[in-house]
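Only heavy atoms go into these numbers, but all of them, side chains included; no hydrogens, no water, no symmetry mates.
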Amino acid sequence: MRKAVRGTCARCGFDYLPSAVDIDHIRPLSRGGEDVDDNVQVLCKTCHKLKTNEDFDRKPLPF
């Protein structure tokens, strides 16, 4: 029996199935980041959304 591979979110530290995580550029490409291994991390979808808002100075929606 195969075990499901899990990914650990670099921000919240919880383990998630691959379908629940995104690969994030630590420094966004549009802000001068590079598409290299040292500039990517695994984030759960919730943390990725929050980080993206922070990266681009957006305020989170109230809902």
If I compare all heavy atoms of [X] with all of [Y], which pair ends up nearest, and what's the gap?
X	Y	result
Arg58	Thr52	NH1-CG2, 4.0 Å
Leu29	Asp35	CD2-N, 3.7 Å
Gly32	Arg27	C-NE, 4.1 Å
Arg11	Cys47	CD-CB, 3.7 Å

Q.
Please check: side-chain N/O of Asn39 versus main-chain N/O of Gly33, any donor-acceptor pairing under 3.5 Å?
A. no

**Q.** Chi angles and distances behind the side chain to side chain contact (heavy atoms under 4.5 Å, CB included) call for Thr8, Val42
**A.** CA-CA 7 Å; Thr8 301; Val42 174; over 6 Å; no

Given side chains that start at C-beta, do those of [X] and [Y] come closer than 4.5 Å, heavy atoms only?
X	Y	result
Cys44	Phe14	no
Lys51	Gln41	yes
Val21	Leu43	no

Q: Check step by step if side chain to side chain contact (heavy atoms under 4.5 Å, CB included) holds for Arg31 and Phe56.
A: CA-CA 9 Å; Arg31 299 272 170 121; Phe56 295 99; 3.4 Å; yes

**Q.** Stepwise salt bridge (charged side-chain N to carboxylate O under 4.0 Å, His left out) test for Lys49 and Glu54
**A.** CA-CA 9 Å; Lys49 187 182 293 187; Glu54 291 168 2; over 6 Å; no

